[in-house]
Amino acid sequence: MNTLHRLDGHLHLEGVALETLAERFGTPLYVYSRQALQDAYQAYDQAFAATPHLICYAVKANSSLAILNLFARLGAGFDIVSGGELARVLAAGGDPGKVVFSGVGKTVAEMRAALNAGILCFNVESVSELHRLNRVAGEAGKVAPVSFRVNPDVDPMTHPYISTGLKENKFGVPIAEAPALYRLAARLPNLKITGIDCHIGSQLTDLSPLADAADRVLTLVDTLASEGITLHHVDLGGGVGIRYHDEVAPDLAAYGRALAARFRARSEKLLLEPGRSLVGNAGVLLTRVEYLKPGEDKSFAIVDAAMNDLMRPALYEAYHEIVAVFQREEPAQRYDIVGPICETGDFLGFARDLAIEEGDLLALLSAGAYGMSMASNYNSRPRAAEILIDKNEIHLIRERETQEGMMAGERLID
Ligand SMILES: *Cc1c(COP(=O)(O)O)cnc(C)c1O
């Protein structure tokens with residue numbers, strides 16, 4: 001189902017005209033489609049149906065409680081990277097027994113909280129972390145389930161800031177050192193080895209690096225088995241890309257078949273940690289044109305959304321399609337779409353051809369992932385409200401932040 005569509009020139013998400021939402025809730029405004037979220041989850045579930053699997057949604061892509069709750073009700077597990085994300089998963093009704101905890105800097109307090117919640121597994125990223133986890137588990141009278149995040153050293157052919165599986169970055173342990181680490185973990189009294197994981201990068205549009213990583217990890221699993229170290233699960237991370245512009249998103253069914261062939265004769269359960277590919281195309285960011293500023297060389301459309309609302313263009317030079325919510329008949333003109341923040345880097349898109357006037361609404365597409373979850377208060381701007389559309393129903397799932405709320409924890413001194 002095409003959840004984003006035009007009716008008489010007016011952009012709708014499911015059964016709701018986006019103009020109605022902007023009038024009622026103001027802008028900037030994130031709007032998500034329940035149908036699109038469900039469709040994305042079910043496409044994953046079906047693509048991997050031939051292999052016993054658990055989809056652990058990567059919470060950092062979009063950590064809004066209503067979205068976590070939707071995925072929990074569909075049966076998802078969760079990939080978390082902080083104690084804050086664990087608290088959100090629990091508050092949203094997620095099953096702690098389906099939570100994997102990734103990240104290079106887990107604190108003692110975060111380890112304790114995760115042990116108390118009874119998570120599925122800690123994805124350990126260093127020797128020091130392994131020793132700390134063993135100690136914290138011992139103090140808590142618990143046995144910590146562990147998996148090592150190995151770095152399979154495959155080049156995911158993506159943007160350098162979002163590639164994580166190469167030797168030179170901070171994530172994971174080198175795959176060659178993993179056998180020695182598993183032997184060490186097996187000797188530590190308060191740990192139980194349960195799995196292995198990797199995550200090689202994000203926004204991958206080619207499946208071959210993912211398949212290469214799977215092969216390298218599975219070879220290691222067999223080596224470990226020959227030493228008597230058996231694993232319950234193999235977690236191949238996230239990273240499946242989506243279409244923002246002219247990319248071709250990987251074929252999930254083909255990914256599912258490639259892994260089914262590799263897992264057919266194996267006993268380990270397959271875990272996946274998709275983030276972007278579950279939420280990215282399910283949301284748009286609505287913004288209003290405040291000013292048109294024509295220039296000799298270029299013209300600007302200054303809108304009320306900015307880099308604090310959607311950081312991806314400023315941070316990664318990421319491309320988001322930008323469309324007029326109401327299609328005018330006039331010929332298009334070329335604009336740089338920029339926000340009001342006092343930074344040259346505060347842009348949302350360059351050289352976009354649009355027929356717009358001041359006061360018009362624009363929609364930034366594919367804004368469901370790493371949009372709201374990366375939003376900040378820079379320039380003392382309140383974070384946007386969020387709406388979840390369910391057919392014709394409109395749900396406000398997060399109120400717009402207030403000035404009082406932003407200042408609430410601050411104190412003056414004498
Ligand atoms: C960010 C992240 C993911 C999700 O990545 P996507 O590209 O959004 O699918 C999965 N696992 C880990 C460990 C991550 O850090």
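Starting from 1, each residue takes its place in the sequence as its number. As the structure lists them, so they are numbered: ligands from 1, and atoms in each ligand from 1. In this text, all values refer to a predicted model and were calculated from it rather than measured experimentally.
A salt bridge does not link K60 with E85: none of the charged nitrogens is closer than 4.0 Å to a carboxylate oxygen. Salt-bridge annotation for K293 and D336: absent, with no side-chain N of the basic residue lying under 4.0 Å from a carboxylate O of the acidic one. Comment: D153 does not engage R216 in a salt bridge, judged by the lack of any side-chain N to carboxylate O separation of less than 4.0 angstrom.
Atom 2 (C) of ligand 1 has K60 NZ, 2.3 Å as its closest protein atom, hydrogens excluded (heavy atom only). Among all non-hydrogen protein atoms, the one lying nearest atom 11 (N) of ligand 1 is E273 OE1, 2.6 Å. Protein heavy atom nearest atom 5 (O) of ligand 1, with residue, atom name and distance: H199 CE1, 3.3 Å.
Listed by number with element, the atoms of ligand 1 under 4.0 Å from a non-hydrogen atom of G238 are 9 (O), 10 (C). Listed by number with element, the atoms of ligand 1 under 4.0 Å from a non-hydrogen atom of G275 are 4 (C), 6 (P), 8 (O), 9 (O). Taking a cut-off of under 4.0 Å to the non-hydrogen atoms of S102, the atoms of ligand 1 that pass are 13 (C). Of all the atoms in ligand 1, the ones that sit under 4.0 Å from a non-hydrogen atom of S202 are 6 (P), 7 (O), 8 (O). Residue R149 approaches ligand 1 through these ligand atoms, each under 4.0 Å from one of its heavy atoms: 13 (C). Within ligand 1, the atoms closer than 4.0 Å to a non-hydrogen atom of Y370 are 1 (C), 4 (C), 5 (O), 6 (P), 8 (O), numbered from 1 in the order shown. Annotation for ligand 1: atoms under 4.0 Å from non-hydrogen atoms of G239 are 5 (O), 6 (P), 7 (O), 9 (O).
Not one N or O on the side chain of R262 forms a donor-acceptor pair closer than 3.5 Å with the backbone of A260. A side-chain donor-acceptor contact under 3.5 Å links D346 to the backbone of I341.
When heavy-atom distances to ligand 1 are checked against a 4.0 Å cut-off, R276 comes that close through both its backbone and its side chain. At a 4.0 Å heavy-atom cut-off, ligand 1 does not touch A61 at all.
Because its NZ or CZ atom is not both nearer than 6.0 Å to the ring centre of F25 and within 45° of the ring axis, R288 does not count as a cation-pi partner of that residue. For the pair K106 and F101, the cation-pi criterion (under 6.0 Å, within 45° of the ring axis) is fulfilled.
If you check the side chains of Y378 and E343, you find a donor sitting under 3.5 Å from an acceptor.
Ligand 1 lies out of reach of G237, whose nearest heavy atom is not under 4.0 Å from it. Ligand 1 lies nowhere less than 4.0 angstrom from a heavy atom belonging to F171.
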For residues 70-79, dump all side-chain donor-acceptor pairs below 3.5 Å to protein atoms at least two apart in sequence or in another chain.
residue, atom, partner, partner atom, Å
R73, NE, N69, OD1, 3.0
R73, NH2, N69, OD1, 3.0
D79, OD1, S102, OG, 2.7

